Amino acid sequence: MADIERRLRKLRALLRREKLDALIVSNEHNVRYLSGFTGDDSVLLVAREAAVLVTDSRYTEQAGKEVFPYGLEVVERKKSIAEALGVLVGKYGAAGVGFEGCNATVDFHKHLTDAMKRVALRPTMRLVEGLREIKDASEVKTVRRAVRAAEEGLRSTLPSIRPGVTEQDIAAELEYQMRKQGADASAFPIIVAGGERASLPHARPTKRRIRPGEAVLIDWGARLEFYNSDLTRVFFLGTIPSDWKKRYEIVLQAQRAALKVIRKGVMTKTVDRAARDVFKKRRLAKRFGHGLGHGVGLEVHEAPGVNRSSESKLKPGMIFTVEPGIYFPEWGGIRIEDMVLVKRTGVEVLTNFEKQFNQVVI
Ligand code: ZN
Ligand code: ZN
């Protein structure tokens, strides 16, 4: 309970700094974060003295149960969301009102403008997303459970990863096993890519059958109580050509180099560079096309970005992925993805799944 009150307090401090009397929160993850409401199609108005969830009759009862304990109010709209917000903004005498610029459609903005004639409407950029970068204790706990469900799910799936099964078979089994471990769903469509198909960083599972002597890349995660996990492992089936082993060790080395520099105060791009330098030394820099990682929480991809140009400073409570990878068309690809938590001192790797080369030969 205290978490939501703290989040609202922090947001109100940001609104004062932005010289806004209220904020219209329309991003559904942000609504959930600030109110505890788990439905959709609803918008939250955070004013100085109150926070009101505007919803419709499908959700009125559920919304009350979920948000009243945190001292929020619920308004069941009769007409449009914008009209209901207009009435509330008038009631609280808000003159400067923000709306989420990264989320509002042109259409929604027009409706807001029509409903709030005497109000200065202003887009804000990622105010709530900024707060969400730092996970509080209850969020860390839930992410840990999402990581465990993913890992245990894969562990139970391993015996069925063998020559002859299709990529789709593996993805289906893995999703089932994660749910058996407590996941509400897969965090995103699972990637299973055998052999040369792993050169596509975001390959969709196909009916292609896994063959002996090849690698299988699996990128998967669990969603549990609205929080996500995101991991990648590559497995080798049987006897492996030596070039796979060599490249695997380099990716692992790049990941280790990145993990070594993670601590509070370090720039995210410095973490990215630590991994990139390892590839550069091996003349593989061009093969590592994507950023090193991304925040994970209510969304699978959220702030902070960890890439060549990201300028955030690491702070305790940040959770993000470290996922160096190299890709060769017609040959395949290798990526190793773990999730980390920045602590007051140092870093904790949240994922435990084996990744030494001899441990991933199955
Ligand atoms: Zn992933
Ligand atoms: Zn990822």
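Scope of the values below: all heavy atoms of this structure, side chains included, with no hydrogens, waters or symmetry mates. In what follows, residues are counted from 1 in the order of the sequence shown. These numbers come from a predicted model, not from an experiment. Every number for a ligand or one of its atoms is a count from 1 in the order of the listing.
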J.: Can you give the angle E337 OE2 - the Zn ion (ligand 2) - E323 OE2, rounded to 10°?
T.: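 Once rounded, the angle between the two atoms at the Zn ion (ligand 2) is 80°.
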J.: Would W220 and D230 satisfy side-chain hydrogen bond (donor to acceptor under 3.5 Å, both in side chains), going step by step from the backbone distance to the final call?
T.: CA-CA 6 Å; W220 82 111; D230 180 11; over 6 Å; no
J.: Between E337 and R233, does any NZ, NE, NH1 or NH2 come within less than 4.0 Å of an OD or OE carboxylate oxygen?
T.: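 No, this pair does not count.
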J.: Is the gap between the ring centers of H290 and Y327 under 6.0 Å?
T.: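 When the ring centroids of H290 and Y327 are compared, they turn out to be within the sub-6.0 Å range.
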J.: Measure centre to centre between the rings of F99 and H109, then say whether the value is under 6.0 Å.
T.: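 They qualify: ring centres under 6.0 Å apart.
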J.: Within rounding of 10°, what is the angle whose vertex is the Zn ion (ligand 1) and whose arms end at OD2 of D219 and OD1 of D230?
T.: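 OD2 of D219 and OD1 of D230 make an angle of 150° at the Zn ion (ligand 1), to the nearest 10°.
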J.: Any N/O/S atom of H301 sitting less than 2.8 Å from the Zn ion (ligand 2), backbone or side chain?
T.: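 Of the N, O and S atoms in H301, none lies under 2.8 Å from the Zn ion (ligand 2), which means no.
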